[in-house]
Undergrad: 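One structure, as structure tokens, below. Some questions next.
Lettering follows sequence order; numbering is per chain, from 1.
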Amino acid sequence: IPFLPLRTSTPDTDMAILYGTLRGSVVGLRYYTGIVNNNEMVALQREPNNPYDKNAVKVNNVNGDQVGHIKKELAAALAGIMDNKLAVVEGVVPYGAKNAFTMPVQMSFWGREENKEIVLDQLKRHGFKLALPLKGNSLPVSLWISGRAGPSYSAPVHAAVQLTTNQLKSEFDKLFEDLKEDDKTCEMEGAEAVGTPLLPHQKQALAWMVSRENSNDLPPFWEKRSNFYYNILTNFAEKQRPENVLGGILADDMGLGKTLTTIALILTNFQDGKPLPVEKITSDKFYEDQFEQHIHQDFHVNIYVHYGSDRSKDPSVLSEQDIVLTTYNTLATDYGIRGDSPLHKVKWLRIVLDEGHTIRNPNAQQTKAALNLEAHRRWVLTGTPIQNSVKDLWSLISFLKLKPFTDREWWHRTIQRPVTMGAPGGLGRLQSLIRSITLRRTKTTKVKGKPILELPERRVLIQYVTLTEEERQIYQSVKKEGKAAISGFFSEGTVLTHYADILGVLLRLRQLCCHPRLCINTSSSFSADNKIPEELHETLVRKMKLVLSSGSDEECAVCLESLTLPVITQCAHVFCKPCIFEVIRREQPNAKCPFCRNELRVEHLVECPLEEEIDSSNRKKLDQEWISSSKINALMHALIELRRDNPTAKCLVVSQFTTFLSLMENPLKESGFAFTRLDGSMAQKKRVEAIRCFQSSQAGSPTVMLLSLKAGGVGLNLTAASRVFLMDPAWNPAAEDQCFDRCHRLGQKHNVVITKFIVKNSVEENMLKIQNKKRELAAGAFATKKPSATEVKQTKINEIKALIDL
DNA sequence: ACCGCCGGGTGCC
DNA sequence: ACCGCCGGGTGCC
């Protein structure tokens, strides 16, 4: 598989080593307004379109104001190195900052080990020679701090004292440890309009959030020195007071009530330190899930759900609201495709990113869209703040607009590199940064000596199911056929071009484990060749739907995030529309599919037709005479037994296949169960009604909820249920866990028992094995880096082999 | 003097 | 720039 660097065009600075340093000069100072201090960091930026010299290299201060240019002879040497990304060149002005015409600049060259010789050689050809970094002194800071240290002839070092993965991990664990020591234990009552009483830890969070919003403090790492403000990391100074973020990161564990606390914050500290001035009117207006739950019924709060594009082109509609709810996809699509998103035309009082850690790819449209929302109060809610690395943290910090970290270079030079290279004080910096803007409590954190949350026990049982003879026969024949086809792909080496077909085989096997009716009409063709366009179009749409509905949690291979506006290529690979457009634009005129390197053309991309119920065509077939299946029998048996023991116990019946859920309606009715249903295709109003109804403790309220695995976000609260029946395993164990957490969360009064139905000797059993592997991986590896697209593919190929016993 | 030396003009890339 | 560099003016001691 040809490797294609998909993720970012900047060199991976994580692997960078210091090649050496060089003293040069900055000229033309009198033509520019940017000023610097002695020892201040400067940025070197190529200016290939300079009319006087195509080699020009600009020198900018931390604020981005140009200070001058690198002297032309040196620029000539740097241009090639910078343009070919052979090294990252960073500068510090050691002295002479007040000079009128030229000033010195101490440059450090960073890059990958394998490029070192090329860089040294290129410099040599222009008559420059790097001074080698001092041993054990990975960061050349001390070189310039001590003044004009000349070139050093000490022994060269290659890598600095890099921390091992484990060391780094344990350091990160400590990162949050003493967060609570601070002044984060004051409590504050929510405004009257907050309908739900706050728990002590939530009152603490509210007090902290309000104090952050009303704070007059300088942002972290800034000091006032006589009549200017000074940044102690970059040594940058300015007259104008740097704006602090009136917000931060609420990083409590899942289930501690981040959303509730934020609702309380909005209502309590709405504007100018005062609560939202709501009229005391009973309203029949419909409110979105959680927001409705927690806002007192006697108050009238305008909540608007913005689904984007066509719904409101007029920003004034948005600005009239008290609260606007929207999704990342709406945010990204509006912003990226239309470029005139109404969301970006409003000056917001505050912006809250819920599950903010999902914003982690700096190139993703979502990140840019979120960053460009205008508001002084900016919050990130996340249960997993430093999920993978310091790198991911940057997106959050950058969203908060903390000077100077909005620019990746300054984040990297002042925090990320010192931390990963183990420079003295690096971790301390990160820690004090996190401490000043983050509040994090875990489920085991104690408030006044008591644990925050005392959740009831949660047990997961696996209930094996044996197929009937008839079911087994169908299963085996489909398996035999599929296995033959897949082996064929392996021997041809066309696994990736037939990825959708393979998923199709696996999907049908998984469906057959549930109910023979499920895989009607999903037969796939194994070749898309020689088809007339219309037919091809249909095939592609069907394949895309297959991928999207197979519950495999497909990610876009370009941005490695969940699919935004999925489109399928002619080679049957699915990507985010903006991502693949970008690839085509960048590689034109000969763009290739990032997955399989087949030819790519914009006019050959097929979009996913608007969300219709994917199995609607199957609906008719379901109306045929109803038949049961081994799994349905197992479920019904369990449900009836449960009802006998405890008639009021409520359960969730979860499946990835909404058709399967439909098939269960019949026996539930026949056995006299009151049930409700929640799946992704339902309109908001129906969803809310289904939840309300199920959560109700009234006699006669439903005791069973048919729930599609991915319905609803993490916020979905189904605590009325104390039993969960997971009808079919998911690829991703985290998706299952998240589903279980919908009832095993704050507010759950009973022990929770989860039953997973798994068909013996089937693809489902193999899926369990893969799940366990994924769990181990997630628990053990504090991933130093995200797997590359190639690694993702290889893992998937291995999984395919394991799944179909190859 | 096809040099040296002087002193004025001048100045990023 | 209280520099370097350029190019014109100039030319024994």
Side-chain angles (χ1 to χ4, degrees), chain A residues 9-11 13 16 18-111 115 118-131 140 143-144 146-151 228 231 234-240 404 406-410 412-413:
Chain A
S9 54
T10 52
T13 37
L18 178 60
Y19 297 157
T21 64
L22 182 65
R23 177 67 56 84
S25 38
V26 188
V27 296
L29 302 182
R30 63 162 150 163
Y31 301 98
Y32 307 98
T33 52
I35 51 163
V36 291
N37 292 304
N38 288 342
N39 290 317
E40 183 170 330
M41 295 181 173
V42 287
L44 273 56
Q45 185 193 9
R46 276 284 285 127
E47 193 189 13
N49 295 326
N50 186 300
Y52 304 95
D53 183 358
K54 62 177 167 42
N55 293 324
V57 177
K58 290 208 287 185
V59 177
N60 302 334
N61 69 10
V62 178
N63 234 7
D65 299 323
Q66 183 169 1
V67 177
H69 278 104
I70 291 291
K71 204 168 156 60
K72 61 176 179 295
E73 295 80 5
L74 181 55
L78 296 185
I81 292 170
M82 293 173 79
D83 292 344
N84 296 316
K85 306 207 184 319
L86 296 173
V88 168
V89 189
E90 297 177 350
V92 169
V93 173
Y95 57 90
K98 299 287 167 277
N99 293 357
F101 304 100
T102 70
M103 60 173 67
V105 58
Q106 184 73 19
M107 292 172 295
S108 331
F109 291 70
W110 299 84
N115 290 334
I118 314 172
V119 170
L120 294 184
D121 189 62
Q122 291 213 14
L123 287 169
K124 197 174 170 185
R125 263 190 275 152
H126 286 89
F128 296 101
K129 187 166 185 285
L130 292 190
L143 274 181
W144 55 67
S146 59
R148 296 131 212 231
F228 54 88
N231 184 285
T234 58
N235 297 317
F236 175 78
E238 63 183 342
K239 276 256 154 50
Q240 209 189 331
T406 37
D407 187 328
R408 198 175 173 69
E409 175 171 350
W410 307 121
H412 194 254
R413 287 176 67 171

Undergrad: Quick test: give all pairs of protein nitrogen or oxygen and nucleotides 4-6 of chain C nitrogen or oxygen below 3.5 Å, distance rounded to 0.1 Å.
TA:
none

Undergrad: Between V89(A), V92(A), L130(A), which is the residue that forms a side-chain contact (heavy atoms from CB on, under 4.5 Å) with M107(A)?
TA: V89(A)

Undergrad: Given the P atoms of dG11(B) and dC6(B), what is the spacing between them in whole Å?
TA: 25 Å

Undergrad: Test your reading of the model: is there a side-chain donor-acceptor pair from E47(A) to the backbone of N49(A), 3.5 Å cut-off?
TA: no

Undergrad: For the backbone of A97(A) and the side chain of N38(A), can you confirm whether one donor and one acceptor N or O come within less than 3.5 Å of each other?
TA: yes

Undergrad: Under a 3.5 Å limit for both distances, which nucleotide forms a Watson-Crick or G-U wobble pair with dC12(B), could you say?
TA: none

Undergrad: Is it the case that the side chain of N235(A) and the backbone of N39(A) share a donor-acceptor pair, with hydrogens and angles ignored and the cut-off at 3.5 Å?
TA: yes

Undergrad: What distance separates L44(A) CG from I70(A) CD1, expressed to the nearest 0.5 Å?
TA: 4.5 Å

Undergrad: Protein within reach of the bases, or only the backbone? For nucleotides 8-13 of chain B, mark each nucleotide 5' to 3' as B, S or -, using heavy atoms under 4.0 Å.
TA: ---BBB

Undergrad: Any donor-acceptor pair under 3.5 Å linking the side chain of R46(A) with the backbone of K54(A)?
TA: yes

Undergrad: Passes side-chain contact (heavy atoms from CB on, under 4.5 Å), V26(A) versus M103(A)? Steps please.
TA: CA-CA 5 Å; V26(A) 188; M103(A) 60 173 67; 3.8 Å; yes

Undergrad: Looking only at non-hydrogen atoms, find the nearest pair between N63(A) and E238(A) and report the distance.
TA: ND2-OE1, 3.3 Å

Undergrad: When rounded to the nearest Å, what value does the distance between C1' atoms of dC5(C) and dA1(C) take?
TA: 12 Å

